[in-house]
Amino acid sequence: MERTYIMIKPDGVQRRLTGEIIRRFENRGLTLVALKMLTPSRETAAAHYDVHKERPFFNDLVDFVTSGPVVAMVWEGPEAVKLTRQMIGATKPLEATPGTIRGDYTCDVMSNLIHGSDSPENAEAEIKLWFAASEI
Ligand code: DAT
Ligand code: MG
């Protein structure tokens with residue numbers, strides 16, 4: 001069993017896609033093991049996207065993800081990291097195939113609804129960043 005950090009970004013919450021996204025992961029057979037709604041601080045958002053700090057879009061990204069409430073979650077299942085990344089779809093809109101969350105609901109590279117950890121190591125670090133052990 002593997003755990004991954006999944007976050008519905010402010011655009012997903014505002015577009016009322018929270019239920020649809022949770023439904024997809026539950027239907028697939030994954031288990032929701034933690035969930036909370038919060039508006040991220042700039043500090044947490046910057047730490048979360050630290051790997052992108054030199055990219056030209058970094059400040060816009062931090063502005064975006066702190067612009068309103070997000071739904072932070074931990075999901076568990078076999079190969080949960082790869083499985084959820086596949087269900088989320090690619091970052092580039094043209095590469096996000098229909099049937100994926102991004103491929104079905106967005107064509108924008110920044111307002112792309114959802115974050116999912118990209119490796120088990122990053123999943124562990126992100127779960128620690130966003131959740132206290134007592135919340136899981
Ligand atoms: P992903 O969210 O698919 O893991 P990423 O880690 O490469 O993608 O980038 C993090 C977020 O940064 C992404 O969800 C949206 C934003 N982003 C990535 N590339 C971008 C670009 N070229 N222009 C604007 N925003 C971008
Ligand atoms: Mg990423």
Side-chain angles (χ1 to χ4, degrees):
M1 279 299 164
E2 191 171 80
R3 285 180 174 182
T4 190
Y5 177 67
I6 300 288
M7 178 168 70
I8 304 176
K9 298 181 185 178
D11 58 329
V13 173
Q14 280 157 29
R15 290 178 57 194
R16 298 179 165 78
L17 289 170
T18 301
E20 166 65 16
I21 289 168
I22 290 175
R23 185 188 64 80
R24 285 180 179 224
F25 290 137
E26 285 196 323
N27 282 357
R28 190 70 195 269
L30 294 163
T31 303
L32 181 61
V33 297
L35 177 147
K36 64 181 174 185
M37 179 181 254
L38 73 156
T39 299
S41 66
R42 290 195 76 83
E43 190 187 4
T44 303
H48 176 77
Y49 282 124
D50 187 63
V51 66
H52 297 305
K53 64 172 180 278
E54 307 300 339
R55 310 281 286 274
F57 57 81
F58 180 75
N59 279 327
D60 290 342
L61 182 57
V62 172
D63 285 347
F64 170 60
V65 87
T66 58
S67 65
V70 302
V71 176
M73 298 177 280
V74 180
W75 286 88
E76 185 177 87
E79 299 205 71
V81 169
K82 277 191 184 154
L83 200 77
T84 52
R85 290 283 295 189
Q86 191 183 61
M87 292 173 71
I88 287 167
T91 314
K92 292 182 182 162
L94 275 175
E95 292 170 12
T97 48
T100 65
I101 294 164
R102 288 173 177 165
D104 285 348
Y105 291 107
T106 182
C107 62
D108 190 83
V109 71
M110 176 75 71
S111 305
N112 62 8
L113 303 170
I114 181 165
H115 166 83
S117 308
D118 62 6
S119 70
E121 298 71 33
N122 286 341
E124 205 183 321
E126 290 170 3
I127 290 167
K128 274 210 183 94
L129 175 67
W130 291 92
F131 286 94
S134 61
E135 292 177 313
I136 301 170

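The basis for the numbers below is simple: all heavy atoms, side chains too, and nothing from hydrogens, waters or symmetry mates. First listed ligand is number 1; within each ligand, the first listed atom is number 1. Predicted model, so just to flag it, every value in this text is computed and none were measured.
Looking at ligand 1, you won't find any N or O of R55 less than 3.5 Å from one of its N or O atoms. Taking distance alone, with nitrogen or oxygen atoms compared against 3.5 Å, H115 stays at or beyond that limit from ligand 1.
For atom 3 (O) of ligand 1, the closest non-hydrogen atom of the protein is T91 OG1, 2.5 Å. Of the protein's heavy atoms, M110 CE, 3.5 Å lies nearest to atom 25 (N) of ligand 1. Among all non-hydrogen protein atoms, the one lying nearest atom 10 (C) of ligand 1 is H52 NE2, 3.5 Å. The shortest contact between atom 13 (C) of ligand 1 and any protein heavy atom is with N112 ND2, 3.5 Å. Protein heavy atom at the shortest distance from atom 2 (O) of ligand 1 is R102 NH2, 3.0 Å. At the shortest separation from atom 18 (C) of ligand 1 among protein heavy atoms lies F57 CZ, 3.5 Å.
A distance of 9.0 Å separates CG in D118 from OG1 in T91, rounded to the nearest 0.5 Å.
Atom CD of E79 is surrounded by 12 or fewer heavy atoms from other residues, nucleotides or ligands within 6.0 Å. Residue-environment remark: CD (E76) exceeds the threshold of 12 foreign heavy atoms within 6.0 Å.
With a 4.0 Å cut-off on non-hydrogen atoms, L61 touches ligand 1 through its side chain and not its backbone. When non-hydrogen atoms are compared, ligand 1 lies under 4.0 Å from neither the backbone nor the side chain of K92. When non-hydrogen atoms are compared, ligand 1 lies under 4.0 Å from the side chain of R85 (C-beta onward) but not from its backbone. Within the 4.0 Å heavy-atom criterion, neither part of E95 lies near ligand 1.
The cationic group of K36 lies under 6.0 Å from the six-membered ring centre of F131 and within 45° of the ring axis, placing it in a cation-pi geometry.
Residue contact check for ligand 1: V109 places a non-hydrogen atom closer than 4.0 Å to it. Residue-ligand proximity: M7 is placed with every non-hydrogen atom at 4.0 Å or more from ligand 1.
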Where do I8 and L17 land on the side-chain contact (heavy atoms from CB on, under 4.5 Å) test, with the steps shown first?
CA-CA 8 Å; I8 304 176; L17 289 170; 5.8 Å; no

Kindly determine whether V70 and H115 satisfy side-chain contact (heavy atoms from CB on, under 4.5 Å), including the steps that lead there.
CA-CA 10 Å; V70 302; H115 166 83; over 6 Å; no

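For ligand 1, the atoms lying closer than 4.0 Å to a non-hydrogen atom of Y49 are 10 (C).
The aromatic rings of Y5 and H48 sit perpendicular to each other, their planes meeting at more than 60°, with 30° as the lower class boundary.
L129 and I127 fall within the same hydrophobic cluster, defined by Ile, Leu, Val, Met, Phe, Trp and Tyr side-chain heavy atoms under 4.5 Å apart, directly or through other members.
E26 has no carboxylate O lying under 4.0 Å from a charged side-chain N of R23, or vice versa, which leaves the two without a salt bridge.
T44 and S41 share a side-chain donor-acceptor pair at under 3.5 Å.
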